[in-house]
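Notes follow the structure.
No hydrogens, no waters, no symmetry mates; every other heavy atom, side chains included, goes into these values. For ligands, and for the atoms within them, numbers begin at 1 and follow the listed sequence.
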Amino acid sequence: MMNGFSIARIRGFEIIDSRGNPTVRAKVTLESGISASGDAPAGASKGEREAVELRGPDGSVKAAIDSINFYISPTLAGLDSRDQAKIDRTMIELDGTENKARLGANATTATSIAVAKAGSYSMGMEPFMYIGGSRYHILPVPLLNVINGGLHAGNMLKIQEFLIIPVKFDTFKDALMASIKVYKTLKALVTEKYGKIYTSLGDEGGISPPLSVTEDALTLLYTAIKNADMEGRIFMGIDSAASNFYNPQKGTYLIDEGEKSPEQMIDFYTDIVNRYPIIYLEDPFDENDFQHFSTLQSKLKNAVVVGDDIYTTNVKYLKRGIESNSTKGVIVKINQIGTLTETIEFFDLARRNSIKTIISHRSGETEDWFISDLAVALNSDFIKTGAPSRGERTSKYNRLLEIENNYGIEYGGSKLLLR
Ligand SMILES: C=C(OP(=O)(O)O)C(=O)O
Ligand SMILES: [Mg+2]
């Protein structure tokens with residue numbers, strides 16, 4: 001039965017992401033006149049099993065826009081916007097492929113987010129409350145990528161992300177402000193040591209000094225934490241995105257101007273975890289090597305090994321990871337799978353297995369803050385959304401500050417038992 005909550009129409013149009021590439025915005029309008037939009041982000045270091053975007057050879061997303069306007073909109077029109085599961089299921093059926101190749105995960109992601117927002121506004125609710133219900137909420141610990149390498153930067157660092165993790169704080173705001181202190185201290189340190197030109201930014205807003213050796217970046221970061229007086233309160237993490245420097249012919253990793261076998265990589269990671277306050281290691285091995293993920297995780301008692309490219313927010317691969325005890329943490333990215341409903345199914349599977357969750361941005365982002373609401377709605381342990389320095393990243397931090405300010409929700413740092 002049609003009513004004010006029903007979808008009247010969905011319009012797709014092209015916007016740009018933080019790399020200046022075209023991406024998709026979907027705007028959902030309900031019969032009541034309420035409307036909301038959602039944006040599709042875009043990754044650079046994608047997992048090979050991710051749902052795929054529709055994107056032409058020139059980078060255009062016209063095909064995805066057509067998907068929304070000519071297929072998704074007429075099919076979803078008339079459905080109740082609050083029935084997110086049915087709407088997402090309808091898109092999955094309309095697509096009919098394993099990886100959203102027909103409609104495009106960029107089309108379905110933007111639509112799914114826009115529907116969730118429109119549904120929440122139609123109920124007069126904040127998206128985090130609408131999705132999460134009235135249960136107890138907690139604010140996620142941010143993982144701030146303050147030194148960028150790999151595919152996100154123009155330097156020679158093979159490790160893609162050097163993260164700071166503000167755990168021991170009473171509020172999200174204090175945690176964020178302390179992280180900014182470390183970020184600024186890091187910039188000053190780099191300026192003093194190498195010159196200001198070394199503080200240029202990478203894709204996620206972290207500095208991208210022209211270094212090539214992992215140890216140099218780790219030392220810089222640790223020094224910044226100590227100089228900012230945050231030792232013991234702010235910890236360190238890395239996202240290796242190791243598929244990007246893996247040589248499948250030789251079975252080796254090309255890092256720090258040399259080659260390492262998986263066993264040598266294990267020694268490398270255990271060594272740095274012993275010498276630095278590292279509590280988080282994302283994608284330390286190639287995305288097909290479930291076994292070495294689990295070997296490393298079993299050796300590291302106080303650090304969480306996290307799967308991103310290995311799982312691609314897909315329950316099928318997480319089940320395999322759970323069977324082989326591959327990781328104690330998972331990255332959750334809506335556009336890796338293409339709908340909110342599937343994303344939440346993946347999240348719930350991780351939770352049921354006591355696996356830490358990290359709701360994550362992509363390296364190509366827009367100002368859409370939806371993932372902040374999603375992280376709060378689901379009581380995610382962490383949110384990963386870049387450095388506190390560019391609009392597409394600050395939009396997420398500012399939304400979390402707004403939620404904390406308006407609703408006084410507790411910060412999750414003190415409850416996080418990692419080290
Ligand atoms: C955010 C990441 O990068 P991208 O969006 O380029 O896949 C990541 O690997 O965690
Ligand atoms: Mg990653």
Side-chain angles (χ1 to χ4, degrees), residues 17-21 23-24 39-53 55 59 105-106 109 140 142-154 157-165 201-206 208 237-246 269 278 280-289 293 296 304-314 317-318 321 326-338 343 346 350 356-366 368 370-372 374-375 380-387 390 392-393 396:
D17 72 13
S18 53
R19 278 190 279 256
N21 295 327
T23 191
V24 179
D39 299 346
S45 69
K46 293 185 199 154
E48 64 187 27
R49 294 182 286 268
E50 283 191 29
V52 295
E53 306 177 296
R55 193 180 281 282
N106 39 0
T109 296
L143 300 164
L144 299 100
N145 180 6
V146 291
I147 300 179
N148 295 183
L151 295 186
H152 297 165
L157 288 170
K158 289 298 174 70
I159 302 286
Q160 179 179 281
E161 301 172 19
F162 295 84
L163 305 148
I164 50 174
I165 313 174
L201 302 188
D203 284 354
E204 294 186 352
S208 123
I238 56 171
D239 178 4
S240 302
S243 299
N244 296 318
F245 54 89
Y246 179 63
Y269 290 128
I278 294 176
Y280 178 102
L281 296 113
E282 182 180 330
D283 281 353
F285 296 98
D286 175 64
E287 61 201 304
N288 293 303
D289 189 357
F293 272 78
L296 181 63
V304 51
V305 175
V306 175
D308 173 10
D309 295 349
I310 184 176
Y311 303 134
T312 58
T313 316
N314 189 323
Y317 305 111
L318 179 53
S326 292
T327 68
K328 286 188 185 160
V330 291
I331 283 281
V332 182
K333 293 170 170 166
I334 306 171
N335 80 327
Q336 280 185 332
I337 190 73
T343 303
F346 177 87
K356 299 269 182 238
T357 54
I358 301 101
I359 303 284
S360 172
H361 68 162
R362 300 310 301 252
S363 52
E365 266 293 336
T366 74
D368 193 342
F370 182 75
I371 59 165
S372 297
L374 185 61
S380 179
D381 299 294
F382 298 99
I383 186 168
K384 190 168 82 147
T385 192
R390 296 173 27 147
E392 77 281 4
R393 318 291 153 186
K396 281 71 165 173

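Here's the thing with Glu50: none of its N/O atoms is less than 3.5 angstrom from an N/O atom of ligand 1. Between Ala44 and ligand 1, a contact under 3.5 Å exists for at least one N or O pair. In terms of polar-atom proximity, Ser363 is counted as a contact of ligand 1, with an N or O under 3.5 Å from an N or O of the ligand. Between Glu282 and ligand 1, at least one N/O pair is under 3.5 Å apart. Taking only nitrogen or oxygen atoms, main chain and side chain alike, Asp239 reaches within less than 3.5 Å of ligand 1.
Glu282 and Ser240 share no donor-acceptor pair across their side chains, judged by distance under 3.5 Å alone. Side-chain polar atoms of Thr313 and Thr343 form no donor-acceptor pair below 3.5 angstrom. For the residue pair Asp283 / Gln160, no side-chain donor-acceptor distance below 3.5 Å is found, with atom types taken as modelled. Using modelled atom types, one finds no donor on one side chain facing an acceptor on the other under 3.5 Å when comparing Asn335 with Thr109. In this structure, a donor-acceptor pair under 3.5 Å is absent between the side chains of Asn314 and Arg49. For Asn145 and Glu204, the side-chain atoms include at least one donor-acceptor pair closer than 3.5 Å.
Checked by atom type and distance alone, the side chain of Thr357 pairs as donor or acceptor with a backbone atom of Asp381 at under 3.5 Å.
Those atoms of ligand 1 with a heavy atom of Gly43 less than 4.0 angstrom away are 4 (P), 5 (O), 6 (O), 7 (O). Atoms of ligand 1 found under 4.0 Å from any heavy atom of Arg362 (numbered from 1 in listed order, with element): 4 (P), 5 (O), 7 (O). Residue His361 has at least one heavy-atom neighbour below 4.0 Å for each of these atoms of ligand 1: 1 (C). Using a 4.0 Å cut-off to heavy atoms of Ser45, the atoms of ligand 1 that qualify are 3 (O), 4 (P), 6 (O), 7 (O), 9 (O). The atoms of ligand 1 that sit less than 4.0 Å from any heavy atom of Asp308 are 8 (C), 9 (O), 10 (O). Listed by number with element, the atoms of ligand 1 under 4.0 Å from a non-hydrogen atom of Lys333 are 1 (C), 2 (C), 7 (O), 8 (C), 9 (O), 10 (O).
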Item to check | side-chain contact (heavy atoms from CB on, under 4.5 Å) between Glu365 and Lys396, intermediate numbers included | outcome: CA-CA 11 Å; Glu365 266 293 336; Lys396 281 71 165 173; 2.8 Å; yes
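Here Glu282 contributes OE2 and Asp308 contributes OD2, and at the Mg ion (ligand 2) these two atoms make an angle of 90°, given to 10°.
Of the protein's non-hydrogen atoms, the one nearest atom 10 (O) of ligand 1 is Lys384 NZ, 2.9 Å. Closest to atom 9 (O) of ligand 1, if we only count protein heavy atoms, is Gln160 NE2, 2.9 Å. Shortest contact from atom 3 (O) of ligand 1 to any protein heavy atom: His152 CE1, 3.2 Å. Protein heavy atom closest to atom 1 (C) of ligand 1, with residue, atom name and distance, is Glu204 OE2, 3.4 Å.
Considering only heavy atoms from C-beta on, Tyr311 comes within 4.5 Å of Phe346 through its side chain. Leu157 is listed as a side-chain neighbour of Ile147, based on a closest heavy-atom distance under 4.5 Å. Proximity of Ile383 to Ile371: side-chain heavy atoms (C-beta onward) are separated by under 4.5 Å at one or more points.
Minimum-distance N/O/S atom of Asp239 relative to the Mg ion (ligand 2): OD2.
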